[in-house]
Amino acid sequence: MSGDHSHNNSQIDSGSRHNDSHKHKDKYKDKEHKHKDHKKDKEREKSKYSNSEHRDSSDKKHRDKDKERLKLKDGSSDKQKDKHKEKKKEERSFDGKPKKEKENGFESPFIKSEPENDDFYNSPKHEKSLKRERDDDDDEFKPKKIKTEDDRNEKKVKKRKQGEEDVKPKKKTKDKKGEVATDGKKKAKKEPEEKWKWWEEERHADGVKWKFLEHKGPVFAPPYEPLPSNVKFFYDGKQMKLSSGAEEVATFFAKMLDHEYTTKDIFRKNFFKDWRKEMTSEEKSKITDLNKCNFSEMSEYFKAQSEARKAMTKEDKLKIKEENERILQEYGFCIMDNHKERIANFRIEPPGLFRGRGDHPKMGMLKRRIRPEDIIINCSKDSKHPKPPPGTKWKEVRHDNKVTWLVSWTENIQGSIKYIMLNPSSRIKGEKDWQKYETARRLKKCVERIRAQYREDWKSKEMRIRQRAVALYFIDKLALRAGNEKEEGETADTVGCCSLRVEHLSLHQEMDGQEYVVEFDFLGKDSIRYYNKVPVEKRVFKNLQLFMEDKEPEDDLFDRLNTSILNKHLQELMDGLTAKVFRTYNASITLQQQLNELTNSEDNVPAKILSYNRANRAVAILCNHQRAPPKTFEKSMQNLQTKIDAKKEQLADAKREMKSAKADAKIRRDEKSKKTVETKKKAVQRIEEQLMKLEVQATDREENKQIALGTSKLNYLDPRISVAWCKKFGIPIEKIYNKTQREKFAWAIDMAEKDFEF
DNA sequence: ATTTGTACTTAGTAGAACCGGT
DNA sequence: ACCGGTTCTACTAAGTACAAAT
């Protein structure tokens with residue numbers, strides 16, 4: 001399994017951001033036109049290949065297939081088959097019957113919540129009274145009381161159901177940022193203590209996301225403030241006063257003047273087109289060429305402004321901070337089912353120029369200002385509805401408890417819907433996250449069967465099945481994304497597994513001493529380059545040759561497959577299985593294995609953390625989570641090296657001192673000199689430790705140059721693995737998770753014991 | 001069967017916040 | 001207090017998935 005995950009570091013080493021790679025840009029740009037007919041191509045291919053499936057024997061292609069099959073029919077493949085049969089049997093037996101392990105209720109279809117709970121959730125009376133004072137102190141009785149997650153003084157939430165080990169000594173959670181808890185270990189347990197443990201409660205019935213929801217609506221972007229009159233705009237060398245509408249859009253461009261975006265043709269073209277729409281007819285007739293526009297005064301003005309902001313007095317900064325805090329308190333929370341929950345993004349996205357990633361055809365377009373009239377509010381019927389700003393109206397107020405969002409609007413660039421939703425620490429996100437990992441753990445139980453199945457399918461008579469099987473192999477082995485098809489010309493040209501094109505792979509019968517190497521080179525999500533050379537099974541290789549036969553580079557590799565076909569198939573293999581579950585599963589299982597492999601219980605804490613980071617890194621490489629090397633990377637490495645050198649000096653000095661102290665003690669043989677020796681010894685040890693720490697840090701940083709650990713940590717790694725590891729090796733959880741992360745993973749920190757296994 | 005619409009997760013980055021050293 | 005950097009957070013784009021409409 002993860003033995004499969006032999007990742008070539010070349011994936012990272014030679015991978016570069018698309019943006020930086022002109023070679024790439026050109027390569028893909030050239031395709032643009034041809035690619036336009038992609039849909040048609042697909043049709044063509046389809047008829048071509050669908051026939052071939054049936055006129056078996058006459059088809060040359062098929063003869064090859066047969067040949068191949070014969071060749072492969074040797075002992076090993078038979079064994080393979082038998083093994084497969086066995087597996088299948090064994091799997092079926094456990095698959096068919098109800099799971100014994102009740103995985104926190106996430107096992108298969110959601111289970112109904114029991115009536116008692118339903119009842120109280122349903123009672124609007126209670127909810128109505130939420131806002132009013134808590135006259136009852138019987139908070140054992142289902143809450144009228146709103147549990148505020150951040151209210152540390154609040155009485156502890158009583159458990160409703162399971163888990164009786166409750167009541168632990170109440171301790172202030174201490175999560176000041178830098179805090180270096182050296183004892184750690186048990187901290188993990190204490191942390192979420194006074195907070196609501198939603199994970200110990202029943203979940204809502206199927207599809208129902210909440211019973212009560214109240215919030216204050218979104219915070220709108222501040223209105224446009226016209227430029228002071230001394231900041232001028234010049235067109236063709238002549239000063240020109242812009243109308244407020246045109247000026248605002250101009251400032252968006254001016255603010256980005258230093259960004260490379262503004263040098264890109266598409267960006268400029270799109271911007272100019274949209275800018276002109278905001279101009280008065282007079283302006284429109286005058287301003288006809290972006291190259292003749294001079295925004296530099298505006299640009300300077302904004303730079304000065306930001307300098308001024310930095311230079312503000314402490315008091316002023318504090319004032320701003322307080323104001324932000326006030327807004328946060330007022331708009332940053334909602335009440336969902338008796339609990340005050342943090343909202344993730346309560347501010348409406350301000351207008352500006354669209355910054356698409358990679359070669360985005362819409363970059364530079366104007367993202368228009370969102371007004372109350374664009375906003376749909378979602379809340380409980382019986383809640384206090386948020387009110388629109390004076391003199392305005394919401395587009396709609398609805399009461400849909402089958403969805404989790406509080407506010408939505410339609411964005412004008414792609415016409416997609418944007419949402420305001422809750423923070424990852426919220427129950428509604430946490431439950432889903434937990435469930436995601438439970439699904440992945442269920443996959444763990446049947447992944448061998450599924451693997452056997454797709455390997456078998458490589459031999460299928462049907463092209464669509466072979467394609468499906470090879471695609472699934474990639475998804476499993478390489479943790480590729482599913483690869484939904486995208487609308488041509490609406491987005492950057494990126495692909496995932498199902499949307500790979502012939503041009504994205506090259507096949508090497510033999511390369512670097514390995515057989516059957518597939519070289520992948522494509523742009524994935526966010527136009528991050530995926531580059532990898534992978535030796536594959538011969539059968540996969542032959543299949544790929546077959547899929548690529550008679551196709552143009554811009555044709556789909558898997559012309560008989562798309563994500564919905566694939567997912568439909570996966571659904572049949574396991575309830576809840578989709579392509580992305582493989583990513584989650586492989587990421588988490590890799591972390592667990594790597595931790596087992598790399599952690600050395602003899603090591604000190606920093607060394608163990610290095611091991612952890614390395615395990616994390618293995619996952620990040622698997623998932624191709626890259627980052628631009630920090631601009632300051634070289635320098636910071638150098639600094640660190642300087643520090644290390646200095647520390648080495650210091651160590652040498654300390655050692656020398658120790659020696660002389662020893663010599664001294666040998667002669668004098670008195671208590672005092674003995675003590676000195678001890679002190680010096682201690683000093684040496686301390687310095688050695690510091691040096692070690694620095695060296696570990698250097699290694700860690702170097703290895704992390706262009707790898708981003710955050711994404712996998714946040715989205716792919718079952719937090720219980722990390723929590724268990726921390727508990728097992730006495731590592732304080734805050735060494736692994738910062739405050740936000742601890743909030744998001746509170747459920748895992750609370751429930752995972754040191755023996756947790758993914 | 002395909003397309004469209006919706007909801008929700010996953011992603012990298014810019015800039016704010018913070019920190020340790022001077 | 002400031003400097004030079006690192007870490008954290010907010011932001012929002014770009015994916016996946018699935019259901020409804022065509």
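Within every chain, numbering begins at 1; the chains are lettered A, B, ... in the order of the sequence lines, protein sequences first and strands thereafter.
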Looking across every strand, which nucleic acid part, if any, lies under 4.0 Å from [X] by heavy atom: base, sugar-phosphate, or nothing?
{"X": "Gly524(A)", "value": "sugar-phosphate"}
{"X": "Thr563(A)", "value": "nothing"}
{"X": "Gly496(A)", "value": "nothing"}
{"X": "Ala579(A)", "value": "sugar-phosphate"}
{"X": "Asn484(A)", "value": "base"}

message = Taking the basic N atoms (NZ, or NE/NH1/NH2) and the acidic carboxylate oxygens, is any pair closer than 4.0 Å for Glu330(A) and Lys216(A)?
response = yes

query = Are Glu689(A) and Lys647(A) close enough for a salt bridge, meaning some N to O gap below 4.0 Å?
reply = no

Where the side chain of [X] meets the backbone of [Y], is there a donor-acceptor pair that is under 3.5 Å apart?
{"X": "Thr262(A)", "Y": "Leu257(A)", "value": "yes"}
{"X": "Arg468(A)", "Y": "Leu566(A)", "value": "no"}
{"X": "His215(A)", "Y": "Asn378(A)", "value": "yes"}
{"X": "Glu490(A)", "Y": "Gln414(A)", "value": "no"}

Rounded to whole Å, please give me the gap between [atom1] in [X] and [atom2] in [N].
{"X": "Lys436(A)", "N": "dA17(C)", "atom1": "NZ", "atom2": "C1'", "result": "14 Å"}
{"X": "Arg742(A)", "N": "dT7(C)", "atom1": "CZ", "atom2": "C1'", "result": "13 Å"}
{"X": "Asp575(A)", "N": "dA17(C)", "atom1": "CG", "atom2": "P", "result": "15 Å"}
{"X": "Met256(A)", "N": "dA14(B)", "atom1": "CE", "atom2": "P", "result": "10 Å"}
{"X": "Lys568(A)", "N": "dA1(B)", "atom1": "NZ", "atom2": "C1'", "result": "9 Å"}
{"X": "Phe633(A)", "N": "dG4(C)", "atom1": "CZ", "atom2": "P", "result": "20 Å"}
{"X": "His625(A)", "N": "dT9(B)", "atom1": "NE2", "atom2": "C1'", "result": "12 Å"}
{"X": "Gln414(A)", "N": "dG15(C)", "atom1": "CD", "atom2": "C1'", "result": "12 Å"}

Check this one for me: any side-chain N or O of [X] less than 4.0 Å away from OP1 or OP2 of [N]?
{"X": "Ser636(A)", "N": "dT6(C)", "value": "yes"}
{"X": "His360(A)", "N": "dA14(C)", "value": "yes"}
{"X": "Lys310(A)", "N": "dG15(B)", "value": "no"}
{"X": "Arg481(A)", "N": "dA14(C)", "value": "no"}
{"X": "Thr494(A)", "N": "dG15(C)", "value": "yes"}
{"X": "Lys209(A)", "N": "dC8(B)", "value": "yes"}
{"X": "Arg583(A)", "N": "dA11(B)", "value": "yes"}
{"X": "Asn639(A)", "N": "dG5(C)", "value": "yes"}
{"X": "Thr632(A)", "N": "dT6(C)", "value": "yes"}
{"X": "Lys314(A)", "N": "dA1(C)", "value": "yes"}
{"X": "Lys635(A)", "N": "dG5(C)", "value": "yes"}

remark   = Assert: residue with more 5' nearest nucleotide on DNA chain C, out of Lys580(A) and Glu411(A), is Glu411(A)

Is the [X] ring parallel, tilted or perpendicular to the [Y] ring (thresholds 30°, 60°)?
{"X": "Phe745(A)", "Y": "Trp747(A)", "answer": "perpendicular"}
{"X": "Trp198(A)", "Y": "Trp434(A)", "answer": "tilted"}
{"X": "Trp405(A)", "Y": "Tyr419(A)", "answer": "tilted"}

remark   = Between Ser408(A) and Ile565(A), the residue closer to the 5' end of DNA chain B by nearest nucleotide is Ile565(A)

note = Between Arg355(A) and Lys643(A), the residue closer to the 5' end of DNA chain B by nearest nucleotide is Arg355(A)

query = What parts of residues 711-719 of chain A reach DNA chain B, counting only heavy atoms under 4.0 Å away?
reply = Thr711(A), Asn715(A), Tyr716(A)

message = Does Lys209(A), at its NZ atom, have more than 12 non-hydrogen atoms belonging to other residues, nucleotides or ligands within less than 6.0 Å?
response = yes

key: Sole candidate of His360(A), Lys486(A), Arg501(A) that passes side-chain hydrogen bond (donor to acceptor under 3.5 Å, both in side chains) when paired with Asp493(A)   = Arg501(A)

key: Shortest non-hydrogen contact between Tyr331(A) and Gly217(A), atoms and distance   = CD2-O, 3.6 Å

ask   = Of the candidate nucleotides dA7(B), dC18(B), dA16(B), which contains the atom at the shortest distance from the side chain of Arg398(A)?
value = dA7(B)

Shortest side-chain distance from Ala628(A), nucleotide among dT6(B), dA14(C), dT13(B) = dT13(B)

Pairs: protein N or O with nucleotides 9-12 of chain C N or O, under 3.5 Å:
unit_1: dT9(C); atom_1: OP1; unit_2: Thr740(A); atom_2: OG1; d: 3.1
unit_1: dT9(C); atom_1: OP2; unit_2: Thr740(A); atom_2: OG1; d: 2.0

inquiry  = Looking at the base of dT10(B), is there any donor atom on it, or on the side chain of Lys525(A), that sits under 3.5 Å from an acceptor on the other one?
reply    = yes

